[in-house]
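Note sheet for the following structure.
For the numbers below, each heavy atom of this structure counts, side chains included, while hydrogens, waters and symmetry mates do not. Protein chains get the first letters and strands the later ones, always in sequence-line order, with residue 1 at the start of each.
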Amino acid sequence: MNRLNKIKWLFGMLFFLGISTTAFAQSVRITGKVVLAGTDDGLPGVSISIKDSGKGTVTDIDGNFRIDVTGNNDVLQFSYIGFIGQNVMVGDRRHMVVALREETLNLEEVVVIGYGTQKKESIVGAISTMGSKELRMSPVSNVTQAIAGKVTGVITNQTQGQPGKDEAQIYIRGIASFTGDGQPLVLVDGVERTFSQIPMDDIEQISILKDASMTAVYGVRGANGVILVTTKRGQEGKPRISFSGNFSLQRPTRIPKFLNSYETVQLLEEAYKNDGMPSQYSADDIELYRQSVGGSLTGDLRYKYPNVDWYDEILNKVAPTQEYAINVTGGTKRMNYFVSASFFDQEGLFKQSGNYDYGKSSNARFKRYSFRANLDFKVTSRFNMAVNMGTRFESRNSPAVNEAWDYSEVFYELNRTPGWMFPIQYPDGRYGGVAFARNNIKAKLDEGGFDEYTNTVSENSFVLEHDLDFITQGLRIKGMVSFDHFNEYRRRFTAGFPTYEYIGGRDGDLDDIDQYIKYGESTPLTMDRNDQVTRMKTYLEFALNYDRTFSRTHNITGLFLYNQSNYEYMADLPRRYQGVVARGTYNYDKRYFLEANFAYNGSENFAKGNRFGFFPSVSGGWILTNEQFMEGTSSWLDYMKLRASYGEVGNDKYHEERFLYISQWQLGGGYIFGGSHFQGIYEGTTPNLHVTWERAQKYDIGFESFSKDRLIGLNVDVFYENRKNILTSPLTVESATGVVPNLQNLGRAINRGIEIELKHSNTVGSSVNYFANASFAVVKNRIEDMGEPPYMPGYAKQEGNRIRQYYGFVAEGFFTSQEEIDNSIQLLGSTPQIGDLKFKDLNNDGIIDERDKTAIGYSDIPEQVFSLNLGCDYRNFSLNVLFQGVNNVSRYYSAETMYEFFNGGKVSEHHRDRWDPSQSVEYNMAHAKYPLLHYQNQQNNHNVNSFFVQNGAYIRLKNVEVAYTLPKKISHRAYMENVRFYINGNNLITWDKLMNNLDPEMNGVANVYPIMSVYNVGVNIQF
Amino acid sequence: MKNQYIILIVSCFLYLGFTSCEDAFGDFLDKAPNAQIEEDEVFSDWLYTEYYHNDIYNFLRSGLGRVNNSWLDSASDIAETSYTWGGIDNSLNFGNYYGGGAAPEVIDSWDHYYKAIRKCNIFLARAPEVPLMADETEEDREEKLIAKSAEARFLRAFFHWELIYRYGAIPIITTRIDQDDEYDWTRPKTVDECFKFVLDELNIVQEILPATVLDKDLGRPTKTACIALKSRILLYYASPMYNPDNELERWERAMLTSDSLLTGRQFGTVHSLTPDYSTNFQVRPFLDKLPGTDNINKEPIFWRNSAAGDWWRNETPVSFGGFGGLCPSQNLVDMYDMADGSSPFAEYDETGAPVYDSNGYPEINPVSGYDE
């Protein structure tokens, strides 16, 4: 918009100076207005010409124009820098409104790359970018979630949705290593930082660097791809104030559907019978459960035959989120500024009576206050200085329960606590429980305490930049220092609470205290945890930049950079990096492009002499459409580029244990002589003196094109990666040596794929613009070497299979006769029965045991991702719809929601179609979709096996946004420059093939806070 | 002016080019010292060396809850474990020998004892180099070194023996072999070589080990322990498993060794059978070997010390305040004679078990007055 303002001003002046041509014509006068699509903002300076006549005009400062045409068949051509042009047949209209759409494939656009920027057209590597507009379309609580479906070849996976802990994992072109988490390196404004909690309104651009030509400059850290986040900066002009407010409601995308008490006890009786266990519920009991479910039970019987829907009792249907952000941006000749403040507040779903002091609550809640000031000073004409300050205060509240990224005690209990055995509370308020499920989660939320976790983040950097054109023209020197500090403080208050099991039977007295067994004691609220964590990061960078054009056709740029970083976590030894980076680019006449990069860097984690690695890359590009011989196609083809790159990049982020080159012996063990313990020392892992980073050899070939008027755009990237030196345990070391074998860099994997983007945009009439962008990516990896012994049978190997593929038994349907069971020896933990899962004897030894495991299903990272983004705008309205999906992915869900009566737990809807022993074998063979139910002898079916490996493919209506921009006449009257209202949503509808009612994105974990559907209304006002 | 800058920049590059690349970056990445101990530090300090030596004993397997919390007794027919969630039931009875939940006893013995043997070998190789401590004479050290080395060799022989009776002809390892070392892994052709190695070693250390140890050293091997181990090994060596041709000379050697133990000077003083059989079933027989306890149990000759704790509670019958994890079987009861010395059953087979009739009941010896 800033550019727009400048242009507006410039063309406004020109217009008043009378430079614009006014056509004299005899015939028809057309008046009209050119506006920015989706608004009624007039676009000034749009040139309008009558096709094949040479006559033309430009729009005035408000976007209005007048032009005289010869007849209805004349075609008006509208064109404007940075916007997609339009041709409009005059027809019988005498007044027209033409909406121009901003060019998203703008080749002049400046893109942030590693340690610099480049114009889009001169980029010869694989990079995708997204701006704040695309991010803003997703009303999500965490930026990492907003990337899904918007960047081709990027796979995201969100596993849980607890406020403040709902980051999505991001895999750039999948994974290529079977150690480490495969997560990319993330830099914010050139410094390694996380970006998940940066307010979206502060973000200008996110660049995703994919191939070696883009990531080689990050050397030892770049192999998993790199994400560069750039925050907004000021531009010269009057102060512009922008305010946005959002209010949304979230609800879980999916929650498990458990059966009610009546159905459950019937299946329970069946399971008891299958396992030869005594019956526990008589026909009368079952009838009472039927009445309980129907709501016709009265009095005490309701407590004796309860039907508790734990999810319903503990969770609210929806929870609110609000976010307010304000920023001011502008600049003078000496100084540009962007300053912002924002507040984000997301509430959790837990119902809680709130009986803690000072309004403390055990409900989950995340609040974030964040402030940013990016200031640029032009000290002299050659000397620039920038100060960037970002501060956040994050507060996360949760119940005092055990939590991990894949576990939440609350949801574990919701998924496991039986609903038919005890009521949440007895009439006198005592909480229910039984011996094996005494942790009544309602009691825990009400009385068990709460957890408060605050994190203060301060991220600051200071940049100096000086022209060195007195040495040679085009040379600049730049220095940057940054200092980041994190202070985390966590307090947890816990209290004990008793739960009671009523043992008085159907006719007992609920008021009789002797009829209860008590579990646990009531204890007062005390501080249970008081942890403080401090982290500090300093980063230092010096760079020489060179950029010059010779004889108008030879463009040369160069970069030489030194950097070092120091990261300190509490009292641990600091983690350090140090190195140099260089880049040279050359292009001839914007037709031929050549680029070479290298990084020479290392970390403290490796032995001296093995510390530094050299990571080079070369790439080249050719813009065919700038060639003379392509002139013949210029009537329909605007742009076509071919590019290719090769390079080597490293990854040292693969193992938590540091200093593998040192033999670390430990004090420990020891022995008792006489009556006292004598200290021991034991040998650690054998040192690996040559331990080094992973090395990726990456190849990429790209094709970019779009047609005249952007009607069709097609981009294709094909890539291949050979990841070497993966740290893995050699499985061939003879154990009679007695050594603890070290990890060695002997693993190898390959990762290859293709990314396709197909774009279409067009205008219907003169003011309805629409676009459709489809993207599709396939990424396949294969483990080539994992140190597996040569004599290991092929089926048992992981080599040749996918990274992180599931391992288990191959289920071959159900056992249908006792004879089948007797034919092989089953050593899987319980003796199978007719109707249980039958596993394949892969080594044909007549024994089903651990040796029959093999790779099953896919891995938990999708191999195919696709998206379809549709949008249109008309007058002041705009609509944007994003579908996103994945395929070739497997999920293995938490036992509590997948298996029947697991650990005394519940049954779900998918257990209705079990192998029913009251029916004939033939009937079951035709109808059963789940094996025989068990209460005790579950082990056979519960061995990890292909039956329970679920197809995790899904298609999701990821985002919908409808926006309305207030007409200028109205907003100006209220002294507002621009007012935009919008309604948008995230994760709205999901289609999948799971057996249980869970979100397919959650990567198999079900005992966690679910991920959310979000329904949001918002407004953005600019003054 | 301009040229000076260019020279400066070029000389920077030249500097980088001519020094070794890594050296040009200074010491920023050198790791700071911290609390880790490295091998050379261990063997430069006798205290650490002794710590290392102490931990060799830690490889002696404990009888307590040996198979995933079950006692070995429950793997035989004299007892059953009552745990459904682990122990013998899940690890052995079901045939789950090497999957998830399998017992270290079954899957880890090879690794476990070779790790122990490595530890002995490293100690034996490196202990002689450890420099004298400040107030230590060479004689003191010589004495310590001889004693500790004898213990290490005893244990090394013990660990080899543990492997021999599980696996037969195993590689005899008397040197340190590191991960990347070349080594000829050809196993001995006959198990006889293995027996010879272990017995020779024990013969050597028998001359060095002390006859008795001080109370504070209880748990370390003595001469008696050495002879006892030898006698056990010789008995195995004479048994049909290793002695298919039934060489009588082997039986004789076994007998003589046992005899030397029972007639030796230690027997009756340091070691003796507990006079009252019933006290041998006290809950803490091994702990009572500890100094300061009233009832010194003289039966154990070589044993693993464990910390006093709740370990006994898991296995003790509920009526004794335990959790009843180890349940004696009728077989165990049937193995005993009556108090008056009479046999409760009419007929026994060659293993000493009563002969059962077709209904699974043994015929009672009416004289004994036994009633099942």
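When each of A/Tyr682, A/Phe606, A/Tyr577, A/Tyr671 is checked for heavy-atom pairs under 4.5 Å with chain B, A/Tyr671 comes out on top. Per-residue counts of heavy-atom pairs under 4.5 Å with chain B were compared for A/Gly670, A/Gly684, A/Gly579; the largest is that of A/Gly670. Comparing A/Asn742, A/Asn566, A/Val733 by how many heavy-atom pairs each has under 4.5 Å with chain B, the most go to A/Asn742. Here A/Ser565 is the residue among A/Ala607, A/Ser565, A/Pro730 with the most heavy-atom pairs under 4.5 Å with chain B. No other option in B/Lys115, B/Gln179, B/Lys119 has as many heavy-atom pairs under 4.5 Å with chain A as B/Gln179. Counting heavy-atom pairs under 4.5 Å between each of B/Tyr48, B/Phe28, B/Trp110, B/Trp185 and chain A puts B/Phe28 at the top. Of the listed residues A/Gly668, A/Gly602, A/Gly609, the one with more heavy-atom pairs under 4.5 angstrom with chain B than any other is A/Gly609. Each of A/Gln744, A/Gln936, A/Lys853 has some count of heavy-atom pairs under 4.5 Å with chain B, and the biggest count is that of A/Gln744.
Of the two parts of B/Leu60, only the side chain, counted from C-beta on, holds a non-hydrogen atom closer than 4.5 Å to a non-hydrogen atom of chain A. Using a 4.5 Å cut-off between heavy atoms, A/Ser676 makes no contact with chain B at all. Interface remark: A/Leu667 contributes backbone and side-chain atoms alike to the contact with chain B (heavy atom separation under 4.5 Å). Residue B/Tyr183: no heavy atom, backbone or side chain, is found under 4.5 Å from chain A. Neither the backbone nor the side chain of A/Asn943 has a heavy atom closer than 4.5 Å to any heavy atom of chain B. For chain B, no part of A/Asn601 is nearby; none of its heavy atoms comes within less than 4.5 Å. Neither the backbone nor the side chain of A/Phe614 has a heavy atom closer than 4.5 Å to any heavy atom of chain B. Heavy atoms of B/Ile173 lying under 4.5 Å from chain A belong exclusively to its side chain. No part of B/Asp181 comes within reach of chain A, as not one of its non-hydrogen atoms sits under 4.5 angstrom from that chain. Contacts between A/Pro687 and chain B at a heavy-atom distance below 4.5 Å are absent for every atom of the residue. Contacts of B/Leu214 with chain A are absent, with no heavy-atom separation under 4.5 Å from either backbone or side chain.
Ion pairing of B/Asp178 with B/Arg118 is present here, as a side-chain N (NZ or NE/NH1/NH2) and a carboxylate O approach within less than 4.0 Å. Using a 4.0 Å cut-off between charged nitrogen and carboxylate oxygen, B/Glu151 and B/Arg220 count as a salt-bridge pair. A salt bridge is absent between B/Lys144 and B/Glu50; no separation between the charged side-chain nitrogens and carboxylate oxygens falls under 4.0 Å. Using a 4.0 Å cut-off between a side-chain N of Lys or Arg and a carboxylate O of Asp or Glu, B/Glu39 and B/Arg176 qualify as a salt bridge. Note on A/Arg611 versus B/Asp30: salt bridge recorded, some NZ/NE/NH1/NH2 to OD/OE distance being below 4.0 Å.
Classified by interplanar angle (parallel below 30°, tilted 30° to 60°, perpendicular above 60°), the ring pair A/Phe809/A/Phe839 is parallel. Aromatic ring pairs are classed by plane angle as parallel below 30°, tilted from 30° to 60° and perpendicular above 60°; the pair A/Tyr600 and B/Phe25 is tilted.
Using a 3.5 Å distance cut-off with no hydrogens or angles, the side chains of A/Arg583 and A/Asn545 do not pair a donor with an acceptor. A/Asn605 and A/Arg575 form no side-chain donor-acceptor contact under 3.5 Å, judged by distance and modelled atom types alone. Using modelled atom types and a 3.5 Å distance limit, the side chains of A/Tyr661 and A/Asn610 yield no donor-acceptor pair. Looking at A/Asn941 and A/Asp836, their side chains do bring a donor and an acceptor atom within 3.5 Å of each other.
Across all non-hydrogen atoms, the minimal contact from A/Ala736 to A/Glu734 is N-OE2, 2.9 Å.
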